[in-house]
Amino acid sequence: MEKISIIVPCYNEETSLPIFYEEITKVSNKLNEIVFEYLFVDDGSKDKTLEILKGLCKKDNRVRYISLSRNFGKEAAMYAGFENSTGDYVAVMDADLQDPPSLLPTMLKVIKEDGYDCVATRRVTRKGEPVIRNLFARLFYKIINKISKTDIVDGARDYRLMKRKMVDSILSMKEYNRFSKGIFGWVGFNTKWIEYENIERIAGETKWSFWKLFLYSVEGITAFSTAPLVLASIFGILFIFISIIVIIFIIVKTLVLGDPTNGWPSLVCIVFFVGGIQLFSTGIIGQYLSKTYLETKNRPIYIVKETEKDNE
Ligand code: UDP
Ligand code: MG
């Protein structure tokens, strides 16, 4: 019989986990043509998440868990899940039920019957989220899709069901700075998109502050586009042109009108403006340099503290 692995990254999810377990069990009990494996990845939670996982593992042999040595972030947790999953099909799902398990049978059907390699989900609304955050999210997707060759879908969630070969190709991308929305697009394969309305988290609270999201978007841009580096050169060329025109203008003006000493306020403005552009450009280069620096260190993406096998 075929097997499906459900990967659930969990960071401080003690309140949502029992509800999630109940929901996913309802779904898997109905699907008896396939064997289920729930692979929970405890991403260094500071609450009772691990204890709850241990409890679930004792009473249900479909449950497996990996506990990471500290909080590595959802990207690393997902990678850990992919690497340790054994199913022919692999799904990633949030623990807060924002990714409805009830969609799973439909997704499985699409893969098995319609010949897709992957079924992904995107939310068409962002109902229940702050307006400003919404606005910036939209802007981010507009920009990144202009400057990156990789297709990064607006509103795409990480919730998706994939065939083994797609998971293996994701695993072959061992980069340290992981931006999954880009990685999923980069590896290709036939993907069917399922749309649904945003669902608010069932319990607990989101781990994403506005600042964290902003940093994540910078990560996404540096990971999947080098356009900002070109921007720095464009600024440079633009400024050389402007300065040539201004130099000619000043020479002509001096020859015609003599040389009255004024214009220092405009000079100060120009110095500040150009200085700003230069720092901005250096900052862009710094971003790429720092990412390269971290990649060359070749650190592991995650470190395992314990798994269910340690308790056997
Ligand atoms: N998560 C994680 N590590 C982190 C942050 C989040 O494993 O450092 C998990 C979290 O437990 C949840 C999923 O990633 O299952 C999505 O997190 P969250 O609901 O906070 O994000 P949102 O849905 O608001 O984008
Ligand atoms: Mg959530």
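Quick note: residue numbers are just sequence positions, from 1. Both ligands and their constituent atoms are indexed starting at 1 by order of listing.
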Hey, is [X] touching ligand 1 through its side chain, its backbone, both or neither, going by heavy atoms under 4.0 Å?
X	value
Asn71	side chain
Asp94	both
Lys74	both

Please state which protein non-hydrogen atom is closest to [atom] and give its distance, to 0.1 Å?
atom	result
atom 18 (P) of ligand 1	Arg201 NH2, 3.5 Å
atom 25 (O) of ligand 1	Trp208 CD1, 3.4 Å
atom 3 (N) of ligand 1	Asp43 OD2, 2.6 Å
atom 1 (N) of ligand 1	Tyr11 CB, 3.8 Å
atom 7 (O) of ligand 1	Pro9 CB, 3.4 Å
atom 24 (O) of ligand 1	Thr206 OG1, 2.7 Å
atom 20 (O) of ligand 1	Lys207 N, 2.8 Å

Under the criterion side-chain contact (heavy atoms from CB on, under 4.5 Å), I'd like the reasoning laid out for Arg133 against Leu213: C-alpha separation, chi angles, the key distance, then a yes or no. CA-CA 9 Å; Arg133 181 198 277 203; Leu213 275 176; 3.6 Å; yes
Regarding Asp60 and Tyr21, do their side chains bring together a donor and an acceptor under 3.5 Å, going by distance alone? yes
Which of the numbered atoms in ligand 1 are below 4.0 angstrom from a heavy atom of [X]?
X	result
Gln98	19 (O), 22 (P), 23 (O)
Asp96	19 (O), 23 (O)
Cys10	7 (O), 11 (O)

With sequence neighbours left out, write down each residue that passes salt bridge (Lys or Arg N to Asp or Glu O under 4.0 Å) with Asp47, or none if nothing qualifies. none
Determine, considering heavy atoms only, which of Met93, Glu13, Met78 sits nearest to atom 12 (C) of ligand 1. Glu13
Between Ser85 and Ile7, what is the shortest heavy-atom contact and its length? CB-CD1, 4.2 Å
Ring geometry between Tyr159 and Tyr196 (parallel below 30°, tilted from 30 to 60°, perpendicular above 60°): perpendicular
Within 45° cone of Phe72 ring axis and under 6.0 Å: Arg70 NZ or CZ: yes
Carboxylate-amine/guanidinium contact Lys48 Glu13, below 4.0 Å: no
Pairs touching residues 99-109 that satisfy salt bridge (charged side-chain N to carboxylate O under 4.0 Å, His left out), sequence neighbours left out: Asp99-Arg157
Step-by-step side-chain contact (heavy atoms from CB on, under 4.5 Å) determination, Trp193 to Thr121: CA-CA 5 Å; Trp193 289 92; Thr121 58; 5.8 Å; no
Ala95 N/O under 3.5 Å from ligand 1 N/O: yes
The Mg ion (ligand 2) to nearest N/O/S of Asp94 below 2.8 Å: no
Ring centres under 6.0 angstrom apart (Phe210, Phe136): yes
Tyr293 ring center near Tyr176 ring center (under 6.0 Å): no
The Mg ion (ligand 2) has as its nearest N, O or S atom from Asp96 the atom OD2
